[in-house]
Amino acid sequence: QVQLVESGGGLVQAGGSLRLSCAASGRILRINAMDWHRQAPGKQRELVATMTSGGTTRYADSVKGRFTISRDNAKNTVYLQMNSLKPEDTAVYYCYADLYRVGVPGSYAYWGQGTQVTVSS
C-alpha cells in the first residue's frame, strides 16, 4: 500500500525556520500533485501549499512570501521550507498526495500522519 511519511517538525522560536519533508513510498505509478495542509488547535484543516507534477505552485495568503514548497520527483518527496515563522503557524502539518497506483485504474488520495510544528513567542 502507498504510504506518506512526514518529518522535520519541532519547536522553534518566532522568526525561525523549519523544513518539512514528505516521502511517498509504495507501488506508485505517477504522482499528480502533492500538498501541505495544517490543522491548528480548535480550527479546521486548511491548505497551506500545493505543487503539481508540472511545477505549478499555490500558497495560502497567510504564508505567501514566507513558505516555499518544492518537489523532488525522482524521490517522490515534497518539501516545505518555512521561514519567518509566527506563533499562528503552530499546527499539525499534513502531507497529501493525489497519485496513480501501478496496475490500478484511477487516481487515489493519501494523507500522511502529520508532524507537529510549534512556534513560541
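Quick note: residue numbers are just sequence positions, from 1. Small disclaimer: the values here were computed from a predicted structure and weren't measured.
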Listing, residues 113-121 side-chain donor-acceptor contacts under 3.5 Å, not counting sequence neighbours, or none:
unit_1	atom_1	unit_2	atom_2	d
T115	OG1	G9	N	3.3
Q116	NE2	A91	O	3.4
Q116	NE2	T118	OG1	3.3

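For residues 69-121, the pairs satisfying disulfide bond (SG atoms under 2.5 Å apart) are C22-C95, with sequence neighbours left out. Residue pairs satisfying the side-chain hydrogen bond (donor to acceptor under 3.5 Å, both in side chains) criterion with at least one member in residues 75-85, sequence neighbours excluded, are listed as follows: S17-N83, Q81-N83. Within the structure, every pair that satisfies the ring-ring contact (aromatic ring centres under 6.0 Å, His included) test and touches residues 3-43, not counting sequence neighbours, is listed here: H37-Y96, H37-W111. Residue pairs meeting the ring-ring contact (aromatic ring centres under 6.0 Å, His included) criterion with at least one partner in residues 48-77, sequence neighbours excluded, do not occur; the list is empty. Among residues at least two apart or in separate chains, there is no disulfide bond (SG atoms under 2.5 Å apart) pair with a member in residues 26-66. Legend: disulfide bond (SG atoms under 2.5 Å apart) pairs involving residues 23-74, not counting sequence neighbours: none detected.
Considering CE of M51 and CD1 of I31, their distance stands at 13.0 Å, rounded to 0.5 Å. One finds the CE atom of M34 at 10.5 Å from the CG atom of D72 (value rounded to the nearest 0.5 Å).
Cluster partners of V5: none. The rule joins Ile, Leu, Val, Met, Phe, Trp and Tyr whenever side-chain heavy atoms lie under 4.5 Å apart, and it links nothing here. Membership of the apolar cluster around V102 extends to L29, Y100, as traced through chained side-chain contacts below 4.5 Å between ILVMFWY residues.
Applying the side-chain contact (heavy atoms from CB on, under 4.5 Å) criterion to Q44, with sequence neighbours excluded, gives no partner residue. With sequence neighbours excluded, no residue satisfies salt bridge (Lys or Arg N to Asp or Glu O under 4.0 Å) with K43. With sequence neighbours left out, the salt bridge (Lys or Arg N to Asp or Glu O under 4.0 Å) criterion links D89 to R38, R66.
Checked by atom type, the side-chain pair R71/N73 shows a donor-acceptor distance below 3.5 Å.
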